[in-house]
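Beneath this line is the structure, given in structure tokens, with notes to follow.
Chain letters run A, B, ... following the sequence lines, proteins first, then strands; residues in each count from 1.
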Amino acid sequence: MTLLDHLFIVVFSCLIAISVVRNLPIVDKLAPVLYGLILIMLVRMASVAYGGDAYLSSFSLDLLGFKMHWQFTALSWYFAIITLVAALASAVFMSGDWGRQYREGGGNYGMLQLALIVNVFSMILLLGSGDLLSLFIGWEFVSWASFLMMVLSPSKLAKKSAVKYIVYAMTGAMALMVAIVMIYAVNDSLEFEQISIVFAQMSGSSQVALVLLLFVAFAIKMGLLPFHLWQAVAYAETPGPGAAFLGAISSRMGMFTIVLVIVQFIGLGGLKSVGTSFANMQTLLAWVAALTTIIPTYIALQQHDAKRLLAWHGVGQGGYMLLGIIMFDSIGSAGGLMHVLNHASYQAALFMTVVAVMYRTGTSDLNKLGGLVTQMPLTFLVMLIGIIGLAGLPPMNGFVSKWLVYRSLLVNGQPLLFVAAVLGTLGTILSVYKLIHNTFLGQLRLEHQNVREVPWSMLVPMLGLSVIVFITGFMPGLILPWIASVQESVGLPVIAHHLGGIEYAKGGLDMIWVSGILFYGFGVGALIFYFLGGKSKRVHQYDNYAGGHFLTSDVRYHYSNNFYPGLMHLIGTWYRGSFQWLENSIVSVMSFFSVFFENIYRAKQPVMLLLIGVVLALLALYRNLGVGA
Amino acid sequence: MNHFFTVEGILYFGAISLSIIGLFGLLVSKNLFRLLLSLVLFEAGANLVLVLSGFIRNGIAPIFLDGNSGAVMNDPVPQALVLTAIVIGVGVQALALSLIFRVKKHYGSMDMRTIRSKLEREIAENAGVTPPGSNEAPAPVKLIEGENS
Amino acid sequence: MNALHLMAELIFMPLIAFIVGMMMVLMMRKISARLQRRIGPPFFQPLYDIVKLYGKDTQISHGLIHDIGIIMAVGGYIGAEILLPVPGMEGIAAKGGVITLSYFLMIPSLGMALGVGQCANPNGSIGISRALTAMLAYDIPFILVVFGAAWHYQSTSLIGMIEYQQVHQWGIVEMPLLAIAGLFALQGMLGKQPFEIYIAPAEIATGPMVEMSGKYMGGLFVMQTFQLYTAGVLYASLFLGGGTSFLTLLPKAFLVVALPMSIAFMFPRYKTEDVIRILWKWPVMLGLISLAFIL
Amino acid sequence: MNSLVLLMVLPLFAAFIIPVVAKFSSKLALFTGPVVLCINLLLIMSAWVKVGSGAHAIFLGGFLPPVGIVFYIDHFSLLFSGLIASMVLIVWPWDAKESRLYSLYMLLSAASFGLALSADLFNLYVFYELLAVATYGIIAKQKNSSATAASLRYLFISSAGSVMLLLGIAIIYTLTGTLNIAHLATMTENLHGFAGLSAFALIAIGAGVKAEMFPVNSWVAEVYGTIPRQLSALLAGLISKLAVVLIIKMLLMVFQVQAAFDLLLVVGMLGVISGEMVAWRAKDMIRMLSFSSIAHLGVLFIALSIGGSKGLWLAIAIMLHHLLVKGGLFLMADRFSGHFDKLKGLAHHSPMSAAVFLVFILSLLGVPPLPGFWIKMALVMNLAELGGGLYYLAIGVILLATIIETAYMFNLVQTMYLKADADSTPLNKRYSASYTFAKLFALLLLVSMVFVSPISKRLKDIANHSANPQIYIHTVLPARYLGEKS
Amino acid sequence: MKKELKIKQKERTNPLAHVFDDFIRFCQSKSLFMLHYCTGCGAIELPPAMTSRFDMERLGIQPMVTPRQADILLITGYVSIKTLKRVILTYEQMQSPKYVIGICSCTVNGGMYWQSYATAKKLNEYMPVDVYIAGCMPRPEAVMAGLQRLKDNIRNDKKEHKGSAWKDYFKRYDYYLGNQQALFGEDWQTPTDIIAEAKLYGLETEETYGKHTKLLEKHQTPLLPQEMRIK
């Protein structure tokens, strides 16, 4: 009974426990404890993250001639630790006052807790998969689990977007099944090593087919460009902390499988050999990643619902991870992998702040909020740290992984990709400022005068996550060993790192010094501000320059709607929703065929069909055999 | 084409043309009864083909053999088979006739097309659904709740 | 680099930046005056303005975030100065390269944006939305220039770049088009005339500075000095070979800052979308062409 | 072993006795049918044990083949006859009071037993016709008169199909001079020409009418739309499978040639695509289920096109799975009557029926733990092993069908879990036997989820045993006949 | 003629503070931001003062847009009652040390509108005025001279006390408020809170409060700034 078996057993028993006790009041206390327990089990296996070898599970199934076994490598441990921390945070968030309000609002609270543990269980199962078939089963479990989480919210739009998600997810699963079948057909085994062996033997066109199928399957889950339409609406409509959990880690399972299958077993040589010299598969993937950083970010810029805005950013940041990993060099892949953890931390924190604002004000529409910084200062602090992380500015961890991605683009000499990534970053800065400005800054509305700070049960996970965002930013050396051991286990060049940051021949990064200098600068600025200048008088929000006009409460003196008019004048016409049009056209083609077949079935005289069928069959046989009577 | 003008060639041609006529009748005719008759022709043609499969040129029917086993005999087995096939055909056609009477009584018309569209509308109604793509009148728009239910 | 040397650098680098920056502000106002055939302000005018603003008896604040905004604005630039190597003093340029520096230049604008946000004045918010859009506009060519330079000098640390240029010719000689694109981007970065829509005085009452009084306005003036100094010295060390001593560095920096200034006062103000269109069209095109040569 | 003929004789006898018995006491008439079926079930069980892994042939009337009619008994045919007996018992119309309907059911089961057991081509044709007549009778017997119209239209297409079947048999007879399948199996070489294959095509499409094959299954929507749910469960679940058994007998023994496989493959793919597409547009449960059963029979044909024992094993597994799932869904269908929008909030009224519905759908889609997944996985793996463009196209079609199925099934599930509003019909919650049987089927499905590997091993030996022609020929044809011939 | 009103703010005594204060006053005199608020016809004289002929920038004076940044409030020309409301709000939004320069004789004594019903005759009744520049539109030279005078007053305010008239607004706020209420009615109020400002910076005297401030408290709901609170 290896440690991995203990982990599986503990997770499964937690699933049973929560499903039994989910409608009783004690689930609020039990859920966080259980997730903490799983986290401890995971930490016990931490040796794999510091260069130890993978844990093999003693379970193995042999069904219908397919052998299945499970293992836990450094890669799976890295993703598992992110999943567990995100699950613990959202469980603590869920089981406090938010849960009580959700229950009173008619939501099915027990099912939400169950959905969370089912998600965690299926993710652990996927992460622990040892061969292609267990990977596929884990993959299906994860898609169905997140469908279960999405379908819980009572709104009609949520259910419609959940169904749209499951259709996308099933398309991905079927593409994965075809790829697995192509690999199985060659020499009847489903081990991971088979991928590289089979890939080497394959002809050019089927190589392209295999890589494209694998990429389509994983891109759908990660919401990369052509398949990104489902993710934002689905995650925005998921109830409260569920959105935080899904936004943080659920779509990163696609990243796990991309690293596991495409990076580890097909590798850079494989990708480069596929396709013509100019447009090989690596440039294609890189450009999909680059476009994914830009287009969803600028769609997010347009949203006026906070959850939708954050969900679109989740899609955008996925592009960074792929951009980093596709460079296949030490710093690029380290940047991509680290971005998974960074993004999970601040995306979960930001989603929780938006849910906290909804908990107090009842709406997340950016045009109906404003000025809440005086009422909810701690939530503002968490959102501030979160947006600095999301925008990738120095003190926070987002900067470290973005710096790594930029550095690798610089070293590999990719100017256009570099500009695309920067375009994505700037778009993020613009839209996160719009988020924090419209929610917390500006004029406070009358109806929000007596809004109070959210209770501690919601503040603790938010503050915890923002501490993680800051600590991993200030001392990236804490998580870089994990990434180094992941790189080693996946066969990528390992990154040289120390506690402060990254050593690199042509210009490294030392976050302790950089953040130190920044705080030194803030200290000097504060000194100048408080000691050189005199006392300043706090004034009411109506004591404001308005060209001599007397401000009163009947006219709202606040600017939030259509926040970037200049930018929108220029690029407004580019939002033609061409992907939406593509999706609609596919659906209309399908409905055309279905009407065509339906009319066949309404034939007046079915014998006609019989005659046509017989004649065609005989013709086919005649041609097929090619010989006369 | 040489064996076409032999005896069995002509007989085969007759049998096959009979079944083709029956098939053509099935395709073209609208009236139920004419459909049934063309079905009868079609089955008769097929039975003829089955009988002919046992035909051997200038063989005589086995019944006429009085002991001398030297002569060439036609194969009796398909004839036995045809008997059952004809009996089955008759049974089916009788059942079809009774069904046609009840359908005529209920739908009041013998035209297959009106029966089909009426049948389709009845199925859709008892399933509570608008009939699929009925091209007569477009589905009535529900202006007022329950107004045109 | 012992602790004492570092402590000295931590203090003197921002101080030098402040002084040189004030001289640059003076030069700017003198150039604009001379162009209008006026005499222009006396020599110490920037110092007087800043001291007067800090010496104000009363000033208003809209909340803690308003104060923190100004602190982040000034502090961000002080941090950026230490990342910017000057002859004799290198600060921690080795620890973070030119990418970190370009991110450091974004922190003050974000800090100011937060501060202005809490002023709850729509003029300020409109100004900030235009300022961030302008940042989006000028940062693309700037990043392209940084990419070209880093790729050409094969390192991202400014010290390495300066040494390379001491040995070989200056950057401007080897990458002329990139230098021109850099100037174009510099025009946008300094927020001078053609791209100055976000502090349009008549239209949105100087945008972000609408509610800044006393020491808050003083902070922004100090930030302006740092901004000019950083732009000048960064451009000089990227393309004009930096200076082995201050005597060689300062004339270059002043020249670099003087050029956009003199161009600036000829132009009216562009609309925001025109700012983006121009800054995304011409400098980016120039940059890409020059990159084609370098790569 | 000869008692197995009783399987066919008893129901026929009962079919004619029931109207007479009904004169005396209607209760006796009510019970004769199920009693006969129970006896048959017992006979089948005893035969199953006796046959063991071997096979047995019964020569009717003592005439040795190739003249006489032969019944071939092995686990494959016993399995089917067991299914027939149990399915007709489940679907027995207890509330219908006419004795004539019971005799028609008896006729139906007699014909099915005959079809499952007999090994002679013309004999198969006779039982196929008997089955057809019994089906027309039962469909026409329903109270609403639209059923008569549906059965009339069904009669026309089906009898046209059986004429095609007759033509096929005639061609085979002209080519080989015999109709005993074992005898045919020995002289396959002259059947593999164009004439032989065209005979197979005629037989396949002729029998295809009842097996809901693509071009000829337009009757499905009309008939299932008018008859009660239990009967459509029987028809969709089992009777269509019996027609496929007829094709299987011909395919396995005689026509193991690539041209035949390609024909079945193309027809199967068209069936899958057309079934799924129209089911996607369906707006009520019965129409959706009928087109979904067309699609799944298409999958069955694709499985058959793999050929050999592997193909047969997959076909049997798919047939059993489809019987359980489609039968269960049809049995539950009267709980989901009416337009989908009317089903809003159904899951909150009766969570149990929604849960059972979900289990069936998830197994239909092939979601991992459920047996549906293992069957789909094995099917796709075997198709890939054969290689070749057409087979990969088949894989693509099957998986595309799964995606379309997910779309419309979960659109329905989503409306069920919505909040009920004004015009959603209250559930008819009265007790109905078929709902309990549907729950039994769901339970069977979940149980089989646990025993997937033993069941699949069992099915594999049945398939290996009944798929190789040598065993078939040796049990049916006497040794001395073979002696001279081979 | 007015008795010297004692304000609570203590003068800093230590010598270093003196040097420092002198330096700040010197810089204040050298750098003045002018809020160009064109209330009347006199405004046309200011552009020439700023352009190349007279070049106000030599004196360190820059035009600024918002009252928050401005030091000098130039009231040019007659002040109608309606404009006076905006002038007072702008004045109160300016940060002290702030100076008011009344240009044109209309601000001094009503000028040619001396008997009009619609204008405010004496500007210094409503706010303390530092320098008056008479003339029915004084020429730019006069404006420059007035500005120069203001600079001198600021520089040697210590001796002549002519440069800190702005304190008078806080010291005798009740008098000014009374005049304003006489003009605009009892319920006259501005969103700026002068009393709290006086308290904060210790510029209040016994004359700051009086009958009129009590009227103000009766009408104005105190606009207290939202304090940031955790719970």
Side-chain angles (χ1 to χ4, degrees), chain A residues 61-66 133 136-138 140-141 144 147 151 154 156 159-160 162-164 166-167 169-171 173-175 177-178 180-182 184-185 188 590-591 593-598 600-603 605-607 609-614 616-618 620-622 624-625 627-629, chain D residues 153 156-157 160-161 164 193-195 197-198 201-202 204-205 208-209 213-221 259 262-263 266-267 273-274 277-278 280-281 291 365 367-368 373-374 377-378 380-381 383-385 387 392 395-396 399-400 402-404 406-407 410-411 414 417-419 452-453 456:
Chain A
L61 276 170
D62 183 350
L63 274 165
L64 304 171
F66 308 128
L133 190 57
F136 181 76
I137 289 174
E140 285 262 344
F141 271 23
W144 286 102
F147 171 73
V151 92
K156 208 162 165 34
K159 294 212 172 345
K160 197 175 303 303
V163 168
K164 187 169 162 185
I166 199 61
V167 169
M170 281 306 276
T171 326
M174 290 308 131
M177 188 184 236
V178 172
I180 291 175
V181 147
M182 275 167 78
Y184 177 80
D188 287 8
M590 298 277 279
S591 60
F593 275 117
S594 64
V595 166
F596 168 70
F597 281 120
E598 190 172 37
I600 286 183
Y601 282 121
R602 292 178 51 244
Q605 183 40 273
V607 175
L609 292 171
L610 174 76
L611 183 66
I612 295 166
V614 165
L616 286 181
L618 295 182
L621 284 175
Y622 184 79
N624 199 333
L625 288 177
V627 70
Chain D
R153 282 175 57 78
F156 276 122
I157 178 71
M164 290 291 175
F194 172 64
L197 278 172
S198 63
L202 286 175
I205 291 178
V209 170
M213 195 184 271
F214 167 64
V216 287
N217 48 16
S218 50
W219 57 271
V220 166
D262 288 351
L263 175 71
V266 166
V267 162
I273 279 297
S274 62
M277 287 289 191
V278 183
W280 182 41
R281 282 178 60 79
F291 282 109
L365 295 181
V367 172
F373 165 71
W374 301 107
M377 195 60 157
V380 172
M381 290 293 184
L383 280 174
E385 237 153 52
Y392 270 110
I395 295 174
L399 298 184
L400 179 67
T402 323
I403 297 167
I404 301 171
T406 326
F410 272 84
N411 232 332
Q414 169 234 353
Y417 277 91
L418 271 181
K419 281 275 167 299
V452 172
S453 48
S456 61

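A search for side chain to side chain contact (heavy atoms under 4.5 Å, CB included) contacts involving A201(D) returns A617(A), L618(A), L621(A), L263(D), not counting sequence neighbours. Here Y184(A) pairs with F66(A) under the ring-ring contact (aromatic ring centres under 6.0 Å, His included) rule; sequence neighbours left out.
With respect to chain A, the highest number of heavy-atom pairs below 4.5 Å among G396(D), A384(D), P368(D), P215(D) belongs to P368(D). When the candidates L610(A), V167(A), L609(A) are compared by the number of heavy-atom contacts under 4.5 Å with chain D, L610(A) comes out ahead. In terms of non-hydrogen atom pairs under 4.5 Å with chain D, the most contact-rich of I600(A), L611(A), V595(A) is V595(A). Taking chain A as the reference chain and counting heavy-atom pairs below 4.5 Å, the highest number among V452(D), L365(D), I205(D), V209(D) is found for I205(D). Chain D forms the most heavy-atom pairs under 4.5 Å with one residue out of A185(A), A162(A), P606(A), A175(A), and that residue is P606(A). Ranked by heavy-atom pairs under 4.5 Å with chain D, the first of D62(A), L616(A), D188(A), V151(A) is D188(A). Ranked by heavy-atom pairs under 4.5 Å with chain D, the first of M174(A), K160(A), K156(A), M590(A) is M174(A). Among V266(D), V216(D), N217(D), I395(D), the residue with the largest count of heavy-atom pairs under 4.5 Å with chain A is N217(D).
Between W144(A) and F410(D), the ring-plane angle classifies as tilted under the 30° and 60° cut-offs. Y601(A) and F291(D) have tilted rings, their planes meeting at an angle from 30° to 60° on a 0 to 90° scale.
For a residue to count as touching a neighbouring chain, one of its non-hydrogen atoms must lie under 4.5 Å from one of that chain's; by this rule L383(D) does not touch chain A. Looking at L133(A), only its side chain comes within 4.5 Å of chain D, counting heavy atoms on both sides. Looking at M164(D), the atoms closer than 4.5 Å to chain A (heavy atoms on both sides) all sit in the side chain, from C-beta outward. Interface remark: D262(D) contributes side-chain atoms only to the contact with chain A (heavy atom separation under 4.5 Å). Residue contact with chain A, scored on non-hydrogen atoms closer than 4.5 Å, involves the backbone and the side chain of Y417(D) alike. With a 4.5 Å cut-off on non-hydrogen atoms, V267(D) does not touch chain A at all. If you measure heavy-atom distances from K164(A) to chain D, you find no contacts under 4.5 Å at all. Contact annotation for A407(D): both backbone and side-chain heavy atoms come within less than 4.5 Å of a heavy atom of chain A. At a 4.5 Å heavy-atom cutoff, the contact between I157(D) and chain A is made by backbone and side-chain atoms alike. Residue contact with chain A, scored on non-hydrogen atoms closer than 4.5 Å, involves the side chain of W280(D) exclusively.
The closest side-chain heavy-atom distance from M182(A) to Y392(D) is below 4.5 Å. Residues I273(D) and F597(A) are in side-chain contact: their nearest non-hydrogen atoms beyond the backbone lie under 4.5 Å apart. Contact of the V181(A) side chain with the E385(D) side chain is not registered, since no non-hydrogen atoms from C-beta on lie closer than 4.5 Å. The shortest distance between side-chain heavy atoms of E598(A) and M277(D) does not fall below 4.5 Å.
Between the CD1 atom in I137(A) and the CE atom in M377(D) there is a gap of 7.0 Å [rounded to 0.5 Å]. Taking CZ of F593(A) as the reference point, atom CZ of R281(D) lies at 14.0 Å (rounded to 0.5 Å).
The only member of L399(D), T406(D), I404(D) that meets side-chain contact (heavy atoms from CB on, under 4.5 Å) when paired with M170(A) is T406(D).
Across S594(A) and V278(D), no two heavy atoms sit closer than the pair O-CG2, 4.2 Å.
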